[in-house]
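Below is one structure; the comments refer to it alone.
Order of the sequence lines sets the chain letters (A, B, ...), proteins ahead of strands, with each chain counted from 1.
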Number of protein chains: 2
Amino acid sequence: MIKTMKTKDILYQELKQKIINSDLEPNMPIVEDNISKEFGVSRTPLREALQRLELEDWLVKQRNGRLKVSPVSVNEVKEIFQVRSRIEGLVATEATKKATSKDVEELKRITDLITHAADTDQRSEVVRFGSEFHNYLYELSEHQTAKKLLGQLNDHINRYRRIGPTKSSDRSKSAANEHRQIFEFFASGDHENCGKSMETHINNSLNAAVNSIESYLKLTKENEE
Amino acid sequence: MIKTMKTKDILYQELKQKIINSDLEPNMPIVEDNISKEFGVSRTPLREALQRLELEDWLVKQRNGRLKVSPVSVNEVKEIFQVRSRIEGLVATEATKKATSKDVEELKRITDLITHAADTDQRSEVVRFGSEFHNYLYELSEHQTAKKLLGQLNDHINRYRRIGPTKSSDRSKSAANEHRQIFEFFASGDHENCGKSMETHINNSLNAAVNSIESYLKLTKENEE
DNA sequence: TTATGTATAATTGTATACAATAATTCAATT
DNA sequence: AATTGAATTATTGTATACAATTATACATAA
């Protein structure tokens with residue numbers, strides 16, 4: 001069963017991905033005519049895609065009414081992480097309340113995968129299974145409001161992760177430990193501390209993103225002068 | 001300096017207000033042609049307003065592509081309060097960190113107004129100054145991401161407050177005490193407990209909204225059969 | 001009666017045309 | 001050269017026209 005996607009949804013996805021990948025760089029001007037010709041569509045569905053991107057803070061409208069790709073800033077990434085931290089805490093708490101023994105089993109499996117990947121220095125695998133860990137809690141929590149929010153916040157965080165040429169410090173080992181810690185509280189049904197440790201975990205992961213954005217801002221500033 | 005509002009923004013505001021006021025009731029179908037004629041505008045800006053309302057969960061698109069006003073549910077209002085609780089906690093914490101003696105003075109003034117209103121049974125004034133209390137912390141926190149989110153969550157909560165014929169139990173006295181408690185932590189610079197007590201305060205206020213929605217759902221169900 | 005198919009109408013999705021606004025160019029003036 | 005202002009161009013905002021999809025009404029067959 002295939003749900004045919006409307007033009008505006010395709011445009012939304014494509015453009016968002018381009019922004020996340022820095023194919024469309026911060027502050028780059030967005031002109032409707034150009035993009036509509038580029039994609040071979042009319043301005044009507046494009047404008048709807050652009051409006052959504054604007055509402056979700058991927059684009060900003062300037063005083064003259066023209067759109068540009070949102071700038072990046074240390075302050076913004078900090079804010080995003082702060083909010084994400086709280087919502088992830090909520091989700092972890094609620095997920096713990098709903099957990100069955102089957103869920104504990106499954107999350108243990110994922111936790112072990114993270115640990116193993118960290119032990120064997122497979123950093124991309126740590127990231128991959130880390131996402132799986134978080135997503136499992138999202139689903140288990142059945143918290144639609146939080147899920148929607150986290151989806152958007154994580155997309156923005158991914159942009160910050162990819163922006164600029166960064167060899168971030170390796171947080172694999174500590175991240176693995178933190179996931180283990182979260183899991184322990186989860187398994188014991190201690191929803192309060194599960195949420196707490198999740199909050200801490202997210203706050204700890206902020207630094208990598210901040211370093212990334214700071215080196216990027218430094219570079220662009222150099223190029224400006 | 002007046003910023004001329006575009007048609008879509010006016011439509012967005014008007015329609016959202018109608019939904020909040022239950023002038024447009026839950027599950028009511030939305031037909032573009034009807035509304036565009038009603039407002040005397042073309043479908044183009046209307047569709048952009050409707051899309052925004054959809055993205056912000058005021059409208060939902062059904063499988064057949066038609067829009068309707070979002071239904072209300074106990075589960076949803078609980079979710080909204082849970083998320084709001086966490087974000088308000090974050091904001092209260094951050095605001096405390098930035099507070100000057102001037103801010104403490106001002107928030108004390110508002111707190112006293114709440115207390116006095118509660119003591120003299122002026123319930124609507126308790127609500128009014130209560131909002132002022134929260135808004136003061138929003139501004140002080142300077143947390144754009146959180147402010148935007150709270151704006152949307154509070155709008156939805158206001159819809160739940162107004163829906164259905166409810167004589168909610170009077171929480172004025174306890175709410176006043178809770179604000180006093182939050183203020184005390186704020187004034188002493190204890191940002192951790194300020195956030196904590198704010199979270200608790202929001203969670204306590206959930207019941208009123210739940211009662212409101214439950215009586216509404218009961219009524220509509222009766223009318224259906 | 002119930003189900004099925006088909007024509008019609010209603011509604012949404014997309015493209016295009018036109019209007020309003022903002023930016024740019026460039027001549028005229030100082 | 002620097003400044004102003006009108007004419008032109010570029011861009012966004014709105015309205016309308018057309019295409020695609022979905023719902024409805026109704027006739028027909030089982």
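A side-chain N or O of B/Tyr138 and one of B/Asn154 form a donor-acceptor pair less than 3.5 Å apart. Counted by atom type alone, A/Glu56 and A/Tyr12 present one or more donor-acceptor pairs between their side chains at under 3.5 Å.
Ring geometry for B/Phe133 against B/His179 counts as perpendicular: the plane angle is over 60°, on a 0 to 90° scale with 30° as the lower cut.
Rounding to whole angstrom units, CG of residue B/Asp33 and C1' of D/dT16 are separated by 12 Å. In this structure, NZ of A/Lys6 is placed 12 Å from P of C/dA15, rounded to the nearest angstrom. Rounding to whole angstrom units, CG of residue B/Leu46 and P of D/dA15 are separated by 10 Å. Going from atom CZ of B/Arg47 over to atom P of C/dT11 covers 14 Å, rounded to whole Å. Atom CD of B/Glu32 is separated from atom P of D/dT21 by 16 Å (rounded to the nearest Å). Residue B/Leu67 contributes atom CG, which lies 14 Å from atom P of D/dT22 at whole-angstrom precision. One interatomic measurement links the two molecules: CD1 of B/Ile30 to C1' of C/dA10, which rounds to 16 Å at whole-angstrom precision. If you measure from atom NZ of A/Lys68 to atom P of D/dT12, you get 15 Å, rounded to the nearest angstrom.
Of all nucleotides listed (C/dA15, D/dT14, C/dA10), C/dA15 comes nearest to the side chain of A/Thr44. Side-chain proximity of A/Arg43 to D/dG13, C/dT12, C/dA15: nearest is D/dG13. Out of C/dT14, D/dT16, D/dT12, the shortest distance to the side chain of A/Ser42 is found at C/dT14. Side-chain proximity of A/Arg66 to the nucleotides D/dT12, C/dA15, C/dG13 is greatest for D/dT12.
Between the side chain of B/Asn64 and the backbone N or O of B/Arg66 there is at least one donor-acceptor pair closer than 3.5 Å.
An OP1 or OP2 oxygen of C/dA22 is reached within less than 4.0 angstrom by no side-chain nitrogen or oxygen of A/Lys61.
Where A/Asn64 and A/Pro45 each meet DNA chain C at their nearest nucleotide, the meeting point lying more 5' is that of A/Pro45.
B/Leu140 approaches B/Ala95 most closely through the heavy-atom pair CD2-O, 3.5 Å.
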